[in-house]
Amino acid sequence: MVRFINNVRSLFSLNYRGFPRIISRRLNSSVALEKNTDVKKIRNFSIVAHVDHGKSTLADRLLEITGSIKPGVEKAQVLDQLQVERERGITVKAVTASLNYTYNNENYLLNLIDTPGHVDFSNEVVRSITACQGVIMLVDANEGVQAQTVAVHSLAKRNNLLIIPTLNKVDLPRADPDKVKAQLHSLFKIDPESVMSISAKKGWGVKELLEAVITRIPPPSVDVEGHFRAHIIDTWHDKYRGVLCLAYIHSGKVQVGQAVKWKSDSKPHTVKFLAMLRPSEEPIDSAVAGQVVMVGCGPKGGGSVGDTLLAKEVADNDSVSSVPPVKHMVYAGIFPADQSQHPQLSDAIKKLALNDSAVNVTPDSSPALGQGWRIGFLGLLHLEVFTQRLLQEYKAEAILTAPSVPYKVKVKGTKAIKQYKGTEIIVTNPLLLPDVNHIEEYYEPFVIGTIITPVEYIGAVTSLCIDRRGTPLPANAVDDKMTMMQYILPLSEVVIDFHDTLKSITSGFASFDYQDYGFHPSALVRMDILINGMLVDELTTIVHTSRLEYNARRLTEKLKEMIPRQMVQVAIQAVVGGKVFARETLKAYRKDVTAKLYGGDVTRRKKLLKQQAEGKKKMRSVANIRIPRDTFIDVLKR
Ligand SMILES: Nc1nc2c(ncn2[C@@H]2O[C@H](COP(=O)(O)OP(=O)(O)OP(=O)(O)O)[C@@H](O)[C@H]2O)c(=O)[nH]1
């Protein structure tokens with residue numbers, strides 16, 4: 001996406017979402033298309049695949065073939081528009097492009113949604129396919145079927161979507177299309193004859209694939225004559241126009257100036273902005289059932305993912321919302337570095353949460369960190385990307401507390417809290433775990449992890465999964481060289497660094513994906529970290545009793561390494577229910593940043609001292625001990 005965007009940037013002024021602002025000139029082809037209200041000529045589809053199997057590159061070729069971008073002028077991955085996507089080389093947001101294509105002398109409107117591959121952004125895929133009738137499922141012809149291929153295939157099947165299985169990167173010398181077709185057949189019973197072969201990079205077979213989209217994927221099944229109803233699959237904030245929404249129209253027609261209302265509040269609004277995304281905005285006057293369009297009701301018009309936009313006259317109980325609720329896997333506290341920055345951070349979080357509907361934001365406060373928020377994420381990468389976007393898109397810097405998975409406890413109902421007996425509470429912040437005397441049963445979230453690995457690494461992968469408290473499920477051969485292993489694993493053992501460890505023990509050849517398996521009883525305790533006798537709120541964790549001693553030792557040792565030496569001696573203790581399980585002592589020492597300077601210029605010395613002072617601002621002070629902010633997350637990684 002990086003290369004292409006730079007060229008596009010020079011053509012248009014970009015808004016915050018990365019799209020060019022409204023382009024007043026309309027393309028000739030789109031004028032013809034606006035008149036085309038024939039729902040039979042609409043195809044809504046997504047490109048889904050494992051990470052790096054070429055979704056965004058294929059999207060580029062489709063944009064070129066349909067004339068949305070010029071071949072060769074703009075270079076690569078035009079739909080990855082966020083700075084974080086370009087820096088990390090991954091897709092984070094699903095992006096839509098409405099394309100025109102003439103096939104057998106008929107004009108078709110193809111709504112393409114490019115989706116992320118990483119499991120932490122799978123919610124984008126889940127959301128996107130609610131507007132689709134089919135998917136192109138890409139598989140790298142060199143790497144073969146990977147863990148996310150299994151996940152997206154089962155998601156598409158569950159949603160009754162037509163799947164166009166497609167091998168990509170057939171230009172690579174090591175591509176082995178026959179082997180991968182056999183894998184698709186053995187795992188998913190896909191007929192090898194139905195598999196398309198393309199090179200998204202070279203453009204080979206892409207035209208045929210586009211035509212397969214038209215011939216194989218059915219048109220949307222919608223009610224063209226009914227009242228206007230649409231469900232929202234994405235939202236973002238525009239400085240001047242307020243909330244803008246991506247809507248899939250289920251029935252009827254919508255036009256600029258039409259009176260509408262949200263299912264969630266029933267207040268009257270007027271459609272102020274209507275556009276097709278190509279992917280740049282192209283204003284239109286009206287849109288019909290089956291289309292995926294951008295709708296805005298002005299700065300006070302509202303809109304949120306999953307909500308339904310209705311014609312004003314429709315009865316309130318008519319909802320078409322079918323965006324499934326998000327299950328948050330990791331929670332972390334976010335606090336302003338300085339309480340005076342609370343309003344700015346609050347505004348930034350609100351706007352970003354609008355664009356990233358997978359986060360769950362609730363106010364939180366801590367005696368040490370002041371007012372902040374507890375935020376639910378889909379995984380650690382999601383958390384990192386969210387904080388990176390806060391900084392890059394909103395210049396908002398925040399302190400993060402140690403991420404924790406949500407736990408569940410059943411309350412005992414002692415005399416004092418009799419009425420709560422048997423009540424189950426979800427604990428998203430370890431600090432808020434009820435007193436041990438009030439807990440009847442602890443529950444921990446589990447997942448079913450799918451690992452696809454070359455057979456020579458089965459031993460190493462088994463050891464890793466057993467070490468992470470995994471329970472094996474039956475394995476399946478993908479072919480004679482690859483196997484698919486499945487384990488029931490505690491989410492807490494997966495979320496921080498499982499993927500990285502798996503990659504390193506299999507020389508990068510194994511892939512991993514997981515699905516929720518619900519809460520199950522577990523033996524848990526709350527572990528606190530004290531620095532010179534003071535509780536460090538950010539480092540309180542809930543741990544499994546079998547891990548207690550190991551975690552206590554590892555955490556204190558790691559903190560000793562990570563906390564810079566101080567003027568005073570620092571005692572680091574891991575404590576459970578008043579009992580110290582591990583202790584480390586950091587000897588006193590004053591860091592002399594100027595020690596390496598032998599004489600020389602006084603300005604250089606001053607500069608170093610100034611840098612040291614700046615660095616101190618980025619630290620969090622506990623019992624007068626300065627701890628670098630990154631410590632709170634890094635310390636949890638093994
Ligand atoms: N040789 C070759 N390389 C390709 C082909 N398609 C994509 N690539 C390369 O594969 C890499 C990943 O491509 P992307 O299009 O970013 O993959 P993606 O699936 O969108 O990645 P995520 O969005 O991060 O999941 C890039 O370096 C592409 O240039 C192809 O047909 N042939």
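Since this is a predicted model, take the numbers as computed values, not measurements. Note that ligands are numbered from 1 as they come in the structure, with each ligand's atoms numbered from 1 the same way.
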Listed pairs under 3.5 Å, donor-acceptor, residues 150-162 side chains, sequence neighbours left out:
residue : atom : partner : partner atom : Å
Ser154  : OG   : Ala151  : O            : 3.3
Ser154  : OG   : Arg158  : NH1          : 3.3
Asn159  : ND2  : Leu155  : O            : 2.8

- prompt: Quick one: does Asp52 get an N or O within less than 3.5 Å of an N or O on ligand 1?
  reply: yes
message: Closer than 4.0 Å to some heavy atom of Leu172 - which atoms of ligand 1 meet that?
response: 1 (N)
- prompt: Considering only heavy atoms, does Asn168 approach ligand 1 within less than 4.0 Å through its side chain, its backbone, both, or neither?
  reply: side chain
field: Tyr331 six-ring centre to Arg374 NZ/CZ under 6.0 Å and within 45° of normal
entry: no
query: Which atoms of ligand 1 are found less than 4.0 Å from any heavy atom of Asp171?
result: 1 (N), 2 (C), 30 (C), 31 (O), 32 (N)
task: Using distance alone, decide if ligand 1 has a nitrogen or oxygen within less than 3.5 Å of any nitrogen or oxygen in Gly54.
output: yes
message: Given 3.5 Å as the limit, does a donor-acceptor pair link the side chain of Thr401 with the main chain of Gly333, or not?
response: yes
- request: Would you kindly specify which portion of Lys55 sits under 4.0 Å from ligand 1, judged on non-hydrogen atoms: side chain, backbone, both or neither?
  value: both
query: atom 11 (C) of ligand 1: which of Gln148, Lys201, Lys169 has the nearest heavy atom?
result: Lys169
- line: Numbered in order shown, the ligand 1 atoms found under 4.0 Å of a heavy atom of Thr57 are 6 (N), 7 (C), 13 (O), 14 (P), 15 (O), 28 (C)
- prompt: Which pair of non-hydrogen atoms, one from Glu493 and one from Phe498, has the smallest distance, and what is that distance?
  reply: O-CB, 3.8 Å
message: Any nitrogen or oxygen of Lys202 lying under 3.5 Å from a nitrogen or oxygen in ligand 1? Just yes or no.
response: no
message: Looking at Arg43 and Ile214, would you say the former's side chain and the latter's main chain have a donor-acceptor pair under 3.5 Å?
response: yes
message: Working note: Ser492 + Met329, criterion side-chain contact (heavy atoms from CB on, under 4.5 Å); need CA distance, chi angles, decisive distance, verdict.
response: CA-CA 9 Å; Ser492 60; Met329 300 292 194; over 6 Å; no
- prompt: Quick one: side-chain hydrogen bond (donor to acceptor under 3.5 Å, both in side chains) pairs with a partner in residues 186-197, sequence neighbours left out?
  reply: none
